[in-house]
Each structure stands twice: as C-alpha cells, then as structure tokens.
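One structure below.
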Amino acid sequence: MRILYFAQARLAVGLSEEAFHTTESLSAEKLWHLLIHRHPALLPLQSACRLSKNSHFLQLGETFHPDDEVALLPPVSGG
Amino acid sequence: MRILYFAQARLAVGLSEEAFHTTESLSAEKLWHLLIHRHPALLPLQSACRLSKNSHFLQLGETFHPDDEVALLPPVSGG
Amino acid sequence: MKVFVRLSPDPITPLPDIADSTSGAVVTFSGVVRNVEQNQPITSLFYEAYHPMAETLIRDILRQLSLPYPCSSVEVLHRLGHIPIGETSLWIRVLAPHRAEAFSLLTHFLDRLKQDVPIWKTKPSP
Amino acid sequence: MKVFVRLSPDPITPLPDIADSTSGAVVTFSGVVRNVEQNQPITSLFYEAYHPMAETLIRDILRQLSLPYPCSSVEVLHRLGHIPIGETSLWIRVLAPHRAEAFSLLTHFLDRLKQDVPIWKTKPSP
C-alpha cells in the first residue's frame, strides 16, 4: 500500500509519501491505528482528516487492499 | 423647461429634446397632460415612464418649475 | 471604497490590473451583446444614457452597497451607441478582501443597474 | 458545457478571450494571495494538491453544477507551489447566456472547491 501525506499530515510525519506493507485488507480504523503507531504525531489529525482510496474519498464500509494508493487528506484550503 | 426624451419616448416623439415654455409650476399630472396633448404617441408610455427633475427621480408631490430639466424615463434596460 | 465610472461610446478595453495585496478577491463581469434579443436575431444594439443622472445614480448605488458589502475598489465601464454582437457593453471589476463581499456587491449592483439607472438598449431601426 | 482545468506551478496568466456571441455574461474570479493569513503577516503561501484527485473532483463538481446552472464554458486555473503575496493563486472564468447562471455556478463551485477539493495552502516554514 502507498500512503500519501498532505499539508498538516505531511508536516506531522515529515514525509510526503511512504510504502506500507500489508498482506491483508484493512479497515479505515485498523489503518489509522497502524499509522498512528508508526507516527504518533498523526493522532491529533485523525478526527479532522479524510481518507482517499485510489483518488476517491473512501466510502463508508470500504476497506483498503494491499495495492491501494491511500491519502490522508486534512481539511482542504485551496482557492 | 427643457424636456428630454429617451428610448421608447424618443422614438414615439421623434425628438430627443425640446423646449417647453411655461410661466408657472406644474404637477407631474399636469405636465403629462400637456405633453400628451402635444405628442399623442406618448399616451401609451405614461404608465411605464418615470419622470426626473434636474437629474433626480421626481419625489412624490414635487412640482416642476419653469427652469427645470425634465426627462421622460421609460423602463431602463442597461447592462 | 475607490469608485471609477465611465460611460463612453468607445469600445471597452479592460482597465489595467490593480496591485493590491490586501484584496484577496477580484471579480470581473462583462456583459456582451448576444446574437439574439427577445428571441429575435440581431446584429447590434443601440445603447443610450441620461448621462449625468446615470453616472450620479451608479455612484449613489455603489455608496449604499459599500455599507453592507465593504469592498476596496469598484470600476464600471458602460459603452454607449451602436454595439455589434459579440462586443462588450458593460465591464465591472470589484476588489475586496474576501470573495463574499465582492460577489454580493456586484450582483446587487447589477440588479439595481437594470432596475433604476437611466440607460436603455434598443434595436436599431431597420 | 466546455470545461478546461489546469493545476500548475506556473504563474497564472488569464486565458485569451473567447469569441462567443451566444454568451451574454462573462464572470471572472481571481483569488490573490493577501499580505495577511489568519491575522499574521506573510510574504507567500505554499499550495499543494493531490493532483489527479483534485482535477477529477473539480470536473465532477462542475458537471454536477452544470445541470441546475447551464453555462457554456468554465475554465479553472489553480497555481501550486510557493506564491508570493499579490499574485494570483486561482483564476476562473465562466461564460453563460445570462448572468444568473454564471454567478450561481461560480459561487457554488468556489464553495465546493474550498470544502472538498484536495488542495491546501500552508504558511512556508520560517
């Protein structure tokens, strides 16, 4: 799985992307748990961030698969 | 008094302005009466036209004086 | 609020950019003569204005609207005379700190312009 | 509705005029980097985007908005990277037969952009 970090998530982690190896599918809750374990600075961002899967907002109940591209999307502020 | 005709009023009368001699003050009703007498083609425009006095919309109860500039203002359509 | 108003028979060319790092939003409106008017094909429109009154009213309306919608600058160019289709009859630019005031002032101004300001368009006589 | 979208680090220059005598209204919005951000003086902002998703979402939102607000053309340029104050971060132009659709589509699009499209501005680290 490839994880992309943007804006405050990028600043918290210090990376804009990284590989995340998993052989099984993961729920959003499980993925957050694992990412926060690796990067504790993500904890305060969890409630505000949305997740995307392969360039689409994650739908309720959808899970992540080992080959997915996942992005942590803090509240947007374009324009 | 100087009378200015715009848009449909100008087309009805065939003039964009004319002098109108009066020695007394006139109410809006009296002025309309005299103008329609002179230019019967103005009659169908009376209900839709506003009047101005010296570049301001005529206020309720205001009268026209012999030196005023009066304009017949059909419904506007700028822009 | 800076206000600039020009009614003129000259073709409209947009005014130069304004350098203003306090204004986060610039909204521009151009009104263009369409190829139809009241469902009839046309080739041009004729615009006339009661010139001093129109300019005075435009300034009055903008002054009133600047109270609820404070903007930093409004420029209004209205072309008069015969205007061929595809050419600009009206150009307005509003600068404001934030977009909400700019859009509100501009749309309210257009409503008032088309309701009260003594400017008329007529089809040229054939 | 014709749609053109470009996200790019290049400075924004307005696109050339579109000749279209069926569109009576052209509304342009420019978002400019202000000299303050959240009440702090700044000299530039850093914009980043999740590029393919941002462009896809912009197109999806415009397609949805074109149903209630049919316009003839929408062009969206968003600059990314470091943008100094006074320079344009966002430029949008909408053409429509009448002004009401153009303003409605544009203001709704801006609301959606600032709510859903994965583009972020951050203050550069000192």
Side-chain angles (χ1 to χ4, degrees), chain C residues 11-39 41-45 72-73 75 83-114 121, chain D residues 11-39 41-45 72-73 75 83-114 121:
Chain C
I12 286 177
T13 47
L15 296 171
D17 285 352
I18 296 177
D20 172 10
S21 63
T22 66
S23 291
V26 182
V27 184
T28 306
F29 174 83
S30 297
V32 177
V33 176
R34 299 170 67 207
N35 58 3
V36 291
E37 176 73 13
Q38 296 167 331
N39 297 318
I42 57 164
T43 58
S44 71
L45 284 176
S72 40
S73 161
E75 297 150 297
I83 308 183
I85 60 169
E87 298 197 9
T88 302
S89 55
L90 173 63
W91 185 90
I92 305 175
R93 180 169 59 188
V94 181
L95 272 70
H98 303 285
R99 72 185 195 284
E101 304 93 302
F103 279 112
S104 292
L105 184 133
L106 178 50
T107 54
H108 283 89
F109 174 70
L110 284 165
D111 290 344
R112 292 288 308 275
L113 174 75
K114 286 162 183 285
K121 60 180 169 199
Chain D
I12 286 177
T13 47
L15 296 172
D17 286 352
I18 297 177
D20 172 10
S21 62
T22 65
S23 290
V26 182
V27 184
T28 306
F29 174 82
S30 297
V32 177
V33 176
R34 299 172 67 210
N35 57 3
V36 290
E37 176 72 13
Q38 295 167 332
N39 295 318
I42 56 162
T43 59
S44 71
L45 284 176
S72 40
S73 160
E75 296 151 297
I83 308 183
I85 61 169
E87 298 195 10
T88 302
S89 54
L90 173 63
W91 185 89
I92 305 174
R93 180 167 61 188
V94 181
L95 273 70
H98 304 285
R99 72 186 194 284
E101 303 92 303
F103 279 113
S104 292
L105 183 133
L106 178 51
T107 53
H108 283 89
F109 174 70
L110 284 165
D111 291 345
R112 292 288 309 275
L113 174 75
K114 286 162 182 285
K121 61 181 169 199

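Quick caveat, the model's predicted, so the values are computed rather than measured. Lettering of chains follows the sequences in order, A, B, ..., and the numbering in each one begins at 1.
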C:Val36 versus chain D, heavy atoms under 4.5 Å apart: side chain, backbone, both or neither? neither

Which bit of C:Phe29 is near chain D, if near means a heavy-atom gap under 4.5 Å: side chain, backbone, both or neither? both

Examine whether an atom of D:Leu110 lies under 4.5 Å from a heavy atom of chain C, and if so say whether it belongs to the side chain, the backbone or both; otherwise answer neither. both

Chain C contact via D:Ala25 - which portion, at a heavy-atom distance below 4.5 Å: both

Pick from C:Asp111, C:Ile85, C:Asp20: which one has the most heavy-atom pairs with chain D under 4.5 Å? C:Asp111

Residue from C:Glu87, C:Arg93, C:Lys114 scoring the most non-hydrogen pairs under 4.5 Å with chain D is C:Lys114

Heaviest contributor of heavy-atom pairs below 4.5 Å to chain C, chosen from D:Ser23, D:Gly86, D:Ser30, is D:Ser30

Reported CZ-to-OG distance for the pair D:Arg34 and C:Ser21, which is rounded to 0.5 angstrom: 9.0 Å

